[in-house]
2 protein chains.
Amino acid sequence: MGKPKALILPPKSRLDEVCSDTCKSLINEHFDPLWNETGVDYTEEELAALIGSAEIILTSWGSPAITEAMLEQAPKLRVIGHAAGTVKGRIPPTAFSKQVRVFSAAPRIAHSVGEYCLTVLMSSLRYMPTFDKQVKAGQWRVSSLKGRELAGQTIGIVSASSTARAFLKLLAPFHVNVLVYDPYLKDEAAAQLQVTKASLEEVMRCSIISIHAPKLPATYKMVTKEMIASIPDGAILINSSRADVLDEEALIEELQKGRFFAALDVFTKEPLPEDSPLTKLDNVLLSSHVAGATVQGHLALMEGVVEDILKGFKQEKTSMEVTQAMWENMA
Amino acid sequence: MGKPKALILPPKSRLDEVCSDTCKSLINEHFDPLWNETGVDYTEEELAALIGSAEIILTSWGSPAITEAMLEQAPKLRVIGHAAGTVKGRIPPTAFSKQVRVFSAAPRIAHSVGEYCLTVLMSSLRYMPTFDKQVKAGQWRVSSLKGRELAGQTIGIVSASSTARAFLKLLAPFHVNVLVYDPYLKDEAAAQLQVTKASLEEVMRCSIISIHAPKLPATYKMVTKEMIASIPDGAILINSSRADVLDEEALIEELQKGRFFAALDVFTKEPLPEDSPLTKLDNVLLSSHVAGATVQGHLALMEGVVEDILKGFKQEKTSMEVTQAMWENMA
């Protein structure tokens, strides 16, 4: 029995960002690969023409979406591995009924997001941007501004998603108290995570709040104007998931009062327009939807997926596989 | 037997920053306190006039230094507790020969410094100040700038001081590799800390370097021009201890080349003069000697000292006591 035919969709320039040399060796060792040598992403038509003999398809950002029609043309396909985040909109759910196993590197990206959350939280607690600006302007301790410690604080988490769990792991040495709002979080899981389940209203009244909810019809603007108004003075709000889960207009209005601080990586309109009121505020730390984007995190994506696929082939426990049951509540 | 007479030197405004209500109750419960009701710090003369009957003296920033002459006037003195950092220059070493026990809250301050180190390290790794500036200027992903993860990296530590140990605790979930230069660090202690002992030269060639060395004749400019030149391109250097341990002029010259990044909280001249070349650089994150200064950290200082003094009275193991042997290598 020969090695399974694998179609690797990303062209070299893109592949090199998400696929380590170790991973390339793994692919060559275990699969019969067809690398994309065209220098650019395949078009849908090119992919459709290649898919007939593929047993494995490896995709990433920029790869064409796999359509239902393509699946009809791919009788040998057993596995799709996506070396990037969500597979929704990229792989049709009919894959499951066709016994095609689906893998996504989203759990690996979660760690980069967790590091982002800790980064912006600590930077905000310690007023680092303000101190830097002051010292560079020759102002040495001009105010009584004093940083705050993270240790022992209470943190409210909206949704116990994979990014929230990655963040929680990094918080361990700080012995913080964590309140989590997540209607799907079971009591035993909460106990294992050492968090306390709470209502969304309770979480939004914490002095540190981190949003991790997926973008779904059920989460659309679930953080209401009233909840945003209830954020305590001096609080820190972090959003690394999706802007649509909160009322962005209400958030901007409240931030303009200078009552609290926000670290925002996501916006309802991206790129964030230069004339957004957010760009004028000192009490925000902005970034360009990069919470999950790191050199090391990206380079590990394809390797994670390929290793997990190999486990799946050996009937071992997988950690990056997406099941039909998970699909429903995925962003 | 009555409660021991305690002289609390900081006036109310200053005391409220370093002494929690719990600590005030502790003092009232266990000691016979004389609070400073003058509204300002005592002068040396005022202190000398009060010291005769004191069994315990509690001091903090701003309190007058305790001199050898004062110790001669204080036959009942058993304990001096300093709710701040170093006791050098504030308490004469003759205290030890007079059987006066000395306590310092420096170990509690170390935790705030550890949080500072993680804060500036992660902020630098993720280029947060740059992303914030870009997004606020309407520049959305204008460059291929990509943040870096902390997990799995190698970190070089200069001196296994209490601040370094506090930093190491926070690094636990990141599974980093740590090289430590410290001529006093024993092999067993290194193993316990899960670090590898290394030469100063090796440590200074790491891509993340954090300086924790005390200011002593032996550490004066021990990080030489040559070592600074050997810092790798793209590295991150953190200094939260003292500027005198490195050749600041050489550091500035090297930073002006833009080769690496530095987060600096300490400078040979403080306040840092506005015309310092450091204030003109984008590849530095500056702060005003505040690595150890946090609201929560300060408020815990006197309580830590008082609790430790009470342990000492009960012949229990103390954690904030300064012994004559420790004195020699203290900053």
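This structure is a prediction, so every number in the text was calculated from the model and none was measured. Computed from heavy atoms alone, side chains included, the values below leave out hydrogens, waters and symmetry copies. In what follows, chains carry the letters A, B, and so on, assigned in the order in which the sequence lines appear, proteins first and then strands, with residues in each chain numbered from 1.
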Toward chain A, the part of [X] with a non-hydrogen atom under 4.5 Å:
X	answer
B/V120	side chain
B/Q134	neither
B/A263	neither

task: Pull out the residues in residues 140-150 of chain A that come under 4.5 Å of chain B, heavy atom to heavy atom, sorted by number.
output: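 The stretch touches chain B at A/W140, A/R141, A/K146, A/G147, A/R148, A/E149, A/L150.
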task: Find the distance between CG (B/L264) and NE2 (B/H289) and round it off to the nearest 0.5 Å.
output: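 The NE2 atom of B/H289 is 12.5 Å from CG of B/L264, to the nearest 0.5 Å.
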query: From A/E254 CD over to A/N283 CG, what is the distance, rounded to the nearest 0.5 angstrom?
result: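 The distance works out to 10.5 Å.
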Which bit of [X] is near chain B, if near means a heavy-atom gap under 4.5 Å: side chain, backbone, both or neither?
X	result
A/L125	neither
A/H298	side chain
A/Y127	neither

Determine the option with the most heavy-atom pairs under 4.5 angstrom with chain A, choosing from [options].
options	answer
B/S112, B/P173, B/A172, B/S288	B/S288
B/H111, B/E274, B/R126	B/R126
B/P129, B/S276, B/S123, B/G138	B/G138

Heavy-atom closest pair, residues [X] and [Y]:
X	Y	value
B/D265	B/E270	O-OE2, 4.2 Å
B/V176	B/G152	CG1-N, 4.2 Å
A/L26	A/E303	CD1-CG, 4.5 Å
A/A105	A/M320	CA-SD, 3.9 Å
B/A164	B/H212	N-ND1, 3.3 Å

message: Checking side-chain polar atoms at under 3.5 Å, does A/N239 have a donor or acceptor matched by the opposite partner on A/S241?
response: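 Yes, a side-chain donor-acceptor pair sits under 3.5 Å.
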message: Looking at A/K269, I'd like to know if its NZ atom is crowded, meaning that more than 12 non-hydrogen atoms belonging to other residues, nucleotides or ligands lie closer than 6.0 Å.
response: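 For A/K269, atom NZ is not crowded (no more than 12 foreign heavy atoms under 6.0 Å).
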- prompt: Would you say B/L286 and A/F131 make side-chain contact, with heavy atoms under 4.5 Å?
  reply: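 No; the side chains remain at least 4.5 Å from each other.
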query: Are A/D16 and A/K24 close enough for a salt bridge, meaning some N to O gap below 4.0 Å?
result: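 Salt bridge flag = yes for A/K24 with A/D16.
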message: Looking at chain B, which one of A/L278, A/T279, A/L272, A/V284 has the largest number of heavy-atom pairs inside 4.5 Å, strictly under?
response: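 Option with the greatest count: A/T279.
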